[in-house]
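Data first, discussion second: the structure below is written as structure tokens.
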2 protein chains.
Amino acid sequence: MNEVVVLTPERILEATEEVLRRYGLAKATVVDVARVLDVSHGSVYRHFPSKASLRQAVAKRWLDRANAPLQEIAESSGPAPARLEKWLRTMVDIKYKKVTEDPEMFATYLTLAQEACQAVRAHKERLVDQVAQIISDGVKQGAFEVADAKVAARAVFDATTRYHHPAHSDDWKDPTRPARIDALLELLLRGLEAPRKR
Amino acid sequence: MNEVVVLTPERILEATEEVLRRYGLAKATVVDVARVLDVSHGSVYRHFPSKASLRQAVAKRWLDRANAPLQEIAESSGPAPARLEKWLRTMVDIKYKKVTEDPEMFATYLTLAQEACQAVRAHKERLVDQVAQIISDGVKQGAFEVADAKVAARAVFDATTRYHHPAHSDDWKDPTRPARIDALLELLLRGLEAPRKR
DNA sequence: TGAATGACAGATATTGAAATCTGTCAGCGC
DNA sequence: GCGCTGACAGATTTCAATATCTGTCATTCA
């Protein structure tokens with residue numbers, strides 16, 4: 001019954017996150033991670049070829065976790081305009097919660113993500129594909145009229161940069177933020193809409 | 001005929017820019033500025049109360065210079081949609097030229113501007129007012145239909161953040177950039193447009 | 001008299017020696 | 001054999017002494 005606790009990449013990632021939380025990004029060392037796991041730091045290098053790859057893996061996990069709820073909305077059914085709005089608001093909320101609940105860890109993960117720019121590109125690509133899916137549904141439903149769903153999706157994603165890109169995390173304090181988001185979403189949805197009769 | 005060259009704020013700003021160009025932001029000192037002007041550094045402090053205020057003045061000058069051509073477009077006449085598109089493209093181009101022609105000086109001015117965040121706020125406010133002016137004209141012309149020109153202007157400004165905010169200067173290499181700007185502008189103009197008959 | 005100077009105190013930046021960390025690997029023990 | 005250890009070289013970081021800079025002001029000079 002008393003299983004031998006084996007060293008797995010999963011356990012190492014967990015220990016790394018603890019070390020990051022405890023010491024912060026700058027002072028977190030592989031030696032610290034090994035100490036938490038009660039092994040020598042050489043053992044960690046048996047599972048990750050370098051400190052950089054360890055950090056990348058942490059970043060990737062973080063991005064994947066952020067992706068899940070959005071994926072779900074994109075795959076659900078219903079009127080596309082409402083779904084798109086919900087998707088965008090959810091994305092904005094996810095970032096909002098992350099940055100307000102634990103600003104230090106957010107900053108940490110953020111830097112890790114910037115280092116793993118390849119993973120970030122893939123993450124963004126996935127997000128744009130989700131938006132493209134919703135817009136494409138909207139075209140089929142007759143609610144949207146766009147030449148190319150993927151192009152439109154990227155435009156929508158770009159247009160909301162200010163409210164989901166981490167570079168603008170200091171805007172969270174702005175009291176007019178909710179009203180501005182409302183105005184922006186309305187503008188975008190109107191731009192996607194099929195022309196209406198007066 | 002041989003005028004005595006007096007020390008003016010203007011001359012000090014010019015000398016400061018030269019020093020910034022020569023040594024870079026981190027190593028530029030007030031002593032260096034004084035040396036360029038061939039005076040003691042104490043004299044510089046007669047015109048600017050601190051190094052910080054000197055740097056602020058440089059940042060302000062930079063922002064004012066960037067503002068001029070946009071102001072002109074905002075004040076011109078003609079169909080609002082074309083004018084808005086021109087204004088937005090000009091703003092994007094200004095940043096593009098600045099960053100490609102002299103990336104080091106751009107980075108320098110950028111940091112100075114971040115320090116002078118009050119001046120940046122004022123600058124942005126001016127820009128949004130210019131967009132609001134154009135949109136307001138568009139409403140009068142019957143081309144646009146929006147509840148509040150200022151609110152819509154802020155939404156347009158926010159939506160184009162990715163293409164004018166310095167935090168996204170590394171996107172300038174992206175080969176799909178022009179196409180994405182086109183798509184975004186089309187989306188925004190469609191969103192502002194008064195509903196058309198089919 | 002009013003602009004400029006230059007010596008000065010406290011703050012900030014630089015530097016190089018010492019400490020710590022990363023990544024490797026021969027060898028140990030299960 | 002397989003996973004782990006711990007000593008090691010080279011790279012990086014830390015820290016304290018040293019140098020430079022910022023901002024002030026009594027003094028000079030025109």
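Quick note on labels: first sequence line is chain A, next is B, and so on, each numbered from 1.
- Straight-line distance from the CZ atom of A:Arg35 to the C1' atom of D:dT5: 16 Å, rounded to whole Å.
- When the P atom of D:dG23 is taken as reference, atom OH of B:Tyr45 falls 4 Å away, rounded to whole Å.
- We find that A:Lys150 and A:Glu125 are joined by a salt bridge, their nearest charged nitrogen and carboxylate oxygen being less than 4.0 Å apart.
- If you take CG of A:Asp38 and P of D:dT5, they are 8 Å apart, rounded to a whole angstrom.
- Residues A:Asp148 and A:Arg154 are not paired through a salt bridge, judged by the lack of any N-O separation under 4.0 Å between the basic side chain and the carboxylate.
- Residue A:Thr29 is classed as a sugar-phosphate contact, given heavy-atom separations below 4.0 Å to backbone atoms only.
- At a threshold of 4.0 angstrom between heavy atoms, the contacts of B:Val31 include nucleobase atoms, whether or not backbone atoms are also involved.
- When each of B:Val39 and A:Ser50 is assigned the nucleotide of DNA chain C with its nearest heavy atom, B:Val39 is the one assigned upstream, toward the 5' end.
- We find that NZ of B:Lys27 is positioned 18 Å from C1' of D:dT22, with the value rounded to whole Å.
- At least one side-chain nitrogen or oxygen of B:Ser43 sits closer than 4.0 Å to the OP1 or OP2 atom of C:dT5.
- Between A:His165 and B:His165, the distance from one ring center to the other does not fall under 6.0 angstrom.
- Residue A:Arg55 contributes atom CZ, which lies 9 Å from atom P of C:dT22 at whole-angstrom precision.
- Comment: A:Arg35 engages A:Asp32 in a salt bridge, judged by a side-chain N to carboxylate O separation of less than 4.0 angstrom.
- Taken to the nearest 0.5 Å, the CH2 atom of B:Trp87 stands 12.5 Å off from the CZ atom of B:Arg83.
- Distance B:Phe48 CZ to D:dT24 P: 15 Å, rounded to the nearest Å.
- Donor-acceptor pairing under 3.5 Å, judged by distance alone, is present between the side chain of A:His41 and the base of C:dG23.
- Rounded to whole angstrom, the span from the CZ atom of B:Arg11 across to the P atom of C:dA3 amounts to 15 Å.
- At whole-Å resolution of the value, OH in A:Tyr23 and P in D:dT13 are 18 Å apart.
- Nearest-nucleotide positions on DNA chain D for A:His47 and B:Arg46 put A:His47 closer to the 5' end.
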